[in-house]
Number of protein chains: 2
Amino acid sequence: MSSRPVSIKDVADRAGVAVGTVSNVLNHPARVSDTTRSRVQSAIDELGFVRNDAARQLRAGQSRTIGLIVLDVGNPFFSSLARAAEDCAAENGSTVVLGDSGQDPGREARYLDVFEQQRVQGMLVSPVGDLGVRIDELRGRGTPVVLVDRVDPQARCSSVSVDDVAGGYLAVRHLLDAGRRRIVFVGARAGYRQVTDRLTGARQAVGECAGAVLEVLEAEDMTVLAGREVGEVVARRSPAELPDGIFCANDLLAIGVMQAALLIRDLRVPEDLALIGYDDIDFATSTVVPLTSVRKPTELMGRTAVELLLEQIEDPDSPRRQVVFHPELVERGSTTALITAAG
Amino acid sequence: MSSRPVSIKDVADRAGVAVGTVSNVLNHPARVSDTTRSRVQSAIDELGFVRNDAARQLRAGQSRTIGLIVLDVGNPFFSSLARAAEDCAAENGSTVVLGDSGQDPGREARYLDVFEQQRVQGMLVSPVGDLGVRIDELRGRGTPVVLVDRVDPQARCSSVSVDDVAGGYLAVRHLLDAGRRRIVFVGARAGYRQVTDRLTGARQAVGECAGAVLEVLEAEDMTVLAGREVGEVVARRSPAELPDGIFCANDLLAIGVMQAALLIRDLRVPEDLALIGYDDIDFATSTVVPLTSVRKPTELMGRTAVELLLEQIEDPDSPRRQVVFHPELVERGSTTALITAAG
DNA sequence: AATGTGCTTTGAATCGTTTCATTAGCACGT
DNA sequence: ACGTGCTAATGAAACGATTCAAAGCACATT
């Protein structure tokens, strides 16, 4: 029943032309006369011909795909970045294929190997560990790499990342602008890099504001539950010791703190306590009081990553660029009271 | 500086053997003597040789990749399914590459084309619309397809899916077993297929229990906010009209209902009102009262999908199978009171 | 009639592997 | 010395596209 696959040769025979002509129809339609083109096209349709990409690539020496390796496809940051990268690649005639390393160096290595064997045009990688050597090898063999959400300290490749210090500054500055002075920062016990950057930014903002004080609290980890525990401790304090603004290192922590504040002590958010998170996850809009947060320009990062990669593909000797984006404040009810009724 | 890519020929020259021998080292190491093998291996390492997959595939006529096209990589269901599929594929020497259709038929078509041109071994697809014709074409040309989270009414290909009727039954049965009799089902105005199935299951369960009544409420859509609106309406009812158990068509709705119940009326969950959602999203553990939910066996579905595909790859004439999984109840505090203090 | 011009079409060479029939080399028994 | 079996290594022929120099053709110009 199912015979051997249809090749360009079969199409040529059917249409009564040479193989080169079929190839031209596929790749340089303008070179072919209208009549021939439509005859070839019919043959293609009738036979159900599908171009063999392996053969094309072998001869052409180049593929039309870009590999994207992310730490966790389930993470909204990466999925939205992937979406944007796909769009941008499509506009440039390329296709993004996605590999999920799941933070596992072994899987990451597998995808690097597979993509290199497939001779992808280039890769976007949000690396698990240090990829220094691997990146040099790849580049040496002609496959450029762009780092995502991480900068290469030795500037061997381009990268897109976010300035978390600026984000932390932005968040606390916003609290200060709203008149808050007794600020609490909630981070995590373990030293996530993002946490320390955000704290640094927070410190800067407080330092610039006379009369403002910053207290740092550590949660067990970066989860809602951990945030709730910290929130409960804070909520039980005497009125004099209560902060009037809390900045959490991510939204999950902030949601936990909010739960505690509303339920344990019936504090009003934002009147008694202004609250701000980080990452702007979907859920931030759905909390009882919608959560103000700090957002990375995810789509822009995805597009830029692809653009930087295309730059390197076109000219491997073009200078590497480290693009650092500034995050953006998303104001919601947890810091900004709606227009309150008179009184 | 960067010369032309290293080929198997270069390796052969360097090691002083024939190209066929290098190929054997790569593909049939047992056929090669130890000394030769190590000599070739050194040459490979020294030259940094990376096999050209296009050439391999062209000659071998087969690739080692499986295409997976999902509706939305951001959806935890798909990302966790993808992870499992990757693991299962890796165990069988294949690699999964992911394409995100984003519910867009155009993008879906693009990925189907790209993957077919790449001659993937087969595809797992959670289709946007009807893929009937396309699937026949693919299969006719030798690329098997397995549907994910959707059954093929004409059984042209295998599939993995979940019995949402059973899920709805499970949820309401659980409420009834906990002694609840005035049950409310919260669905969505627009007719999602999952919603109607879950409602059907709910009806069945109530039908089997004398004295139980089911009321159906419609939310604007399937979000936390819509759930909260419905919850507020319910919470304002007179005590006689209050339900004692609510089943929401997904977790977001349930979270919204919970927010309303706790805040508007200070109802106790689960004592006054037992609440159950569907999907078991991550957040279900992090609500103020942890949310009981119904979970699809995601990992199992991912693995099974790959297995069904491998089955079809090995023997294209093997019978197609429609595997339907039963969801599982995940009990948490919103339906089951912890051991209460004596009294 | 010869030559030139511009557009189509041709078909062989090529890309880097795998495959497989063949050969080489070696040890062993007669 | 010779055949027999083995294992190991060889190298040319695919695989299916793209590319490109060359040829073919129709028509205008000299």
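In what follows, every chain begins at residue 1, and chains take the letters A, B, ... in the order their sequences are listed.
A donor-acceptor contact shorter than 3.5 Å is absent between the side chain of B/Arg119 and the backbone of B/Ser63.
Checked for salt-bridge contact, A/Lys296 and A/Asp163 miss the test: no charged N lies under 4.0 Å from a carboxylate O. For A/Asp13 and A/Lys9, the salt-bridge test passes: some basic side-chain N is under 4.0 Å from an acidic carboxylate O. At a threshold of 4.0 Å, the pair A/Asp87-B/Arg107 counts as salt-bridged, since one of the basic side-chain nitrogens sits closer than that to a carboxylate oxygen. By the 4.0 Å N-to-carboxylate-O rule, A/Arg56 lies close enough to A/Asp53 to be salt-bridged with it. Ion pair B/Arg321/B/Glu307 not flagged as a salt bridge, since none of the NZ, NE, NH1 or NH2 atoms sits closer than 4.0 Å to an Asp/Glu carboxylate oxygen. B/Glu299 has no carboxylate O lying under 4.0 Å from a charged side-chain N of B/Arg303, or vice versa, which leaves the two without a salt bridge. A salt bridge does not link B/Arg139 with B/Asp136: none of the charged nitrogens is closer than 4.0 Å to a carboxylate oxygen.
Within the 4.0 Å cut-off from OP1 or OP2 of C/dT18, at least one side-chain nitrogen or oxygen of B/Asn27 is found. Phosphate contact (OP1/OP2 of C/dT19, side-chain N/O of B/His28, threshold under 4.0 Å): present.
Within the structure, every pair that satisfies the side chain to side chain donor-acceptor pair (under 3.5 Å) test and touches residues 69-83 of chain B, not counting sequence neighbours, is listed here: A/Asp72-B/Arg83, A/Arg83-B/Asp72, A/Asp100-B/Arg83. Within the structure, no pair that satisfies the ring pair (Phe, Tyr, Trp, His ring centres under 6.0 Å) test touches residues 35-86 of chain A, not counting sequence neighbours.
Scanning for side chain to side chain donor-acceptor pair (under 3.5 Å) contacts around A/Thr298 gives an empty result, with sequence neighbours left out.
Following rounding to the nearest Å, B/Leu47 (CG) and C/dG16 (C1') show an atom-to-atom distance of 15 Å. One interatomic measurement links the two molecules: CG of B/Leu26 to C1' of C/dT19, which rounds to 14 Å at whole-angstrom precision.
Across all strands shown, B/Ser23 has heavy atoms under 4.0 Å from base atoms, whether or not it also approaches the sugar-phosphate.
Using a 4.0 Å cutoff to heavy atoms of chain B, the contacted part of DNA chain D runs 5' to 3' from D/dA8 to D/dG16.
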Contact string for nucleotides 4-15 of chain C, one letter per nucleotide 5' to 3', B = base within protein heavy-atom range under 4.0 Å, S = sugar-phosphate only, - = neither, reads ----SSBB-BBB
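Using a 4.0 Å cutoff on non-hydrogen atoms, no part of residues 111-120 of chain B comes near DNA chain D.
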